Every structure is written in structure tokens, then in C-alpha cells.
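Notes follow the structure.
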Amino acid sequence: MKYTEELKAALRRGEWVYGINEDVSRELRKVEDMCHRFNSLSPLAQQEREEILRGMLGSVGEGVVVHSPFRCDFGCNTYIGNHVVVNYGFKALDEAEVRIGDNVFIGPDVSIFTVIHAMDPKQRNAGVMTARGVTIENDTWICGDVTILPGVTIGRGAVVGAGSVVTRTVEPGVLVAGNPARVLRRISEEDRLDESVIFGEL
């Protein structure tokens, strides 16, 4: 277990490690089991689902909704802020830290990858890997089927269009889309809807 903690710390620092180890595999299976239990529960079992999430992840803020199925690797490297909605099919390969800010909308089938395997086949087969953290800042919307690659930061207030592959950091307040994702335009006051066209009350 001591080796596992040292390995996880090395990955968080972005170092290259030999990641194939029985202790590491045992921890990954334990987290996979927690994900399985979470995903097997009824959506109405809110308290039990929240207890599993809080026991598995690094931190979970207030007013967080996580739909099933949900998957992560270590779990302890994933941090979710306040008032976050995570839609169906979210996956976080959190060998490094995945930090999700406040007031974030994550669409269905979004994947976040932090792990990077060695390019050399022999080293890759031996389990050589490193990791780079991913940060999603406050007030962002990640649309459905988006893939976010290692080392990326999504800036505050940005929107990532459906189906995008985000290979580099996204500046705050822009709309990006595509593979690889590129800036389409800035989000401006012109995007604000006239309140008179919105049904209902706050």
C-alpha cells in the first residue's frame, strides 16, 4: 500500500512510473467496485449514492448531481465543486488530479483522460506511464461526447461544443468546438436571452 501511495504521488507530480503493480490493481478494483455499487443504485437512493461518492472522490461540493453510469480510476484525485451537474456516462481516468469548479454543466458521455502511456511498445507493455492533471474552471459547459486530454484547463465561462476533442488549454469565455477543438468565437452579452422569452420564474 505504501508503494501505491508513493506511485500516486509521483503521478500527481507528472513523473514517469511503472504503473503495473498488484497493490495498484487492487486499489483500482476497489474503486471500480464502488463505481459499480453507485451505478447499481436507484436514482431515488440519493443519500446512499452521495455517501459512496463522498467516500470515493477527493471532495464533492454542495448541490452536486451525478447521473449513472459514472466511472473513475483512483477516485481520490477527482474534486467536484458546488452546484455541478454530471450527466450520464461520465468517465475520469484520474491518475492525476481532475478538478471541476463550481456551477459546471457536464453533458452525457464526457471523458477526461489524465494518463499518458509510453510511446515505446516495450516500455508501454511494462506499464510505463505518466499523467497530467485536468482543470475545469467555474461556470463552464462541457457538451455531450467531449473528450478532454491530459494537461488541459478549460477556462472560466467557456463552452465546449458537442463531440469536441480538447487537446490544449481553452481560454476563459469562449466557445470552442471540433477535433481538435478550436475557438469559434467569444461568448458575449449578445448571447444573453431576453428574460421575456423564458418560461417560469426563478
Side-chain angles (χ1 to χ4, degrees), residues 4 8 11-12 24-115 131-166 169-170 172 176-177 181 200 202:
T4 301
K8 288 195 295 186
L11 283 170
R12 285 193 293 268
V24 174
S25 297
R26 191 178 299 114
E27 179 158 347
L28 291 172
R29 287 193 297 269
K30 174 185 161 189
V31 176
E32 185 178 3
D33 181 69
M34 295 176 81
C35 288
H36 175 75
R37 287 191 285 121
F38 176 86
N39 293 326
S40 298
L41 285 169
S42 164
L44 300 179
Q46 293 181 351
Q47 182 175 344
E48 192 173 352
R49 287 167 61 89
E50 183 174 335
E51 287 173 1
I52 292 173
L53 276 183
R54 291 189 183 280
M56 179 170 51
L57 303 185
S59 66
V60 180
E62 299 301 318
V64 171
V65 176
V66 177
H67 294 283
S68 301
F70 169 85
R71 297 277 191 270
C72 59
D73 274 349
F74 286 121
C76 61
N77 287 334
T78 295
Y79 302 84
I80 300 178
N82 299 310
H83 308 294
V84 173
V85 176
V86 178
N87 220 311
Y88 312 100
F90 178 74
K91 296 178 287 295
L93 273 63
D94 60 343
E95 276 66 22
E97 290 186 352
V98 173
R99 293 194 171 269
I100 300 170
D102 299 334
N103 304 303
V104 172
F105 286 72
I106 296 180
D109 297 316
V110 168
S111 299
I112 295 177
F113 303 140
T114 67
V115 66
R132 302 286 184 271
V134 169
T135 300
I136 300 175
E137 295 183 349
N138 298 349
D139 303 315
T140 57
W141 175 22
I142 313 298
C143 297
D145 290 303
V146 167
T147 299
I148 301 173
L149 297 187
V152 164
T153 294
I154 309 292
R156 182 171 188 156
V159 175
V160 180
S164 297
V165 177
V166 187
T169 289
V170 174
V176 301
L202 280 176

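Bear in mind that the values here come from a model prediction, so they are computed numbers and not experimental data. All heavy atoms count here, side chains included; hydrogens, waters and symmetry mates do not.
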Who passes side-chain hydrogen bond (donor to acceptor under 3.5 Å, both in side chains) against Gln47, sequence neighbours left out? Glu51

Please confirm whether the backbone N or O of Glu62 pairs with a side-chain atom of Asn82, one donor and one acceptor, at under 3.5 Å? yes

Do other residues, nucleotides or ligands put more than 12 heavy atoms under 6.0 Å from Phe105 CZ? no

Could you work out, with ring-ring contact (aromatic ring centres under 6.0 Å, His included) as the rule, every residue matching Phe90, not counting sequence neighbours? Phe70

What's the spacing between Ser59 OG and Ile100 CD1 if we round to 0.5 Å? 10.0 Å

Contacts of Asp33 meeting side-chain hydrogen bond (donor to acceptor under 3.5 Å, both in side chains) (sequence neighbours excluded), chain-then-number -> Arg37

Could I get the full list of side chain to side chain contact (heavy atoms under 4.5 Å, CB included) partners for Lys91, not counting sequence neighbours? Arg71, Ser111

Going by the salt bridge (Lys or Arg N to Asp or Glu O under 4.0 Å) test, which pairs reach into residues 95-105, not counting sequence neighbours? Glu97-Arg99

Asp109: what forms a side chain to side chain contact (heavy atoms under 4.5 Å, CB included) with it, not counting sequence neighbours? Asp145

Side chains of Arg49 and Ser68: is there a donor and an acceptor less than 3.5 Å apart? yes

Show every side chain to side chain donor-acceptor pair (under 3.5 Å) that has at least one partner inside residues 132-143, sequence neighbours left out. Thr130-Arg132, Asp139-Arg156

Partners passing side-chain hydrogen bond (donor to acceptor under 3.5 Å, both in side chains) against Glu48 (at least two apart in sequence or in another chain): none

With sequence neighbours left out, write down each residue that passes side-chain hydrogen bond (donor to acceptor under 3.5 Å, both in side chains) with Thr78, or none if nothing qualifies. Asp94

For His83, what residues pass the ring-ring contact (aromatic ring centres under 6.0 Å, His included) criterion, not counting sequence neighbours? none

Partners of Ala96 by side chain to side chain contact (heavy atoms under 4.5 Å, CB included), sequence neighbours excluded? Thr114, Ala131

Which residues pass the side chain to side chain contact (heavy atoms under 4.5 Å, CB included) test with Thr169, not counting sequence neighbours? Thr153

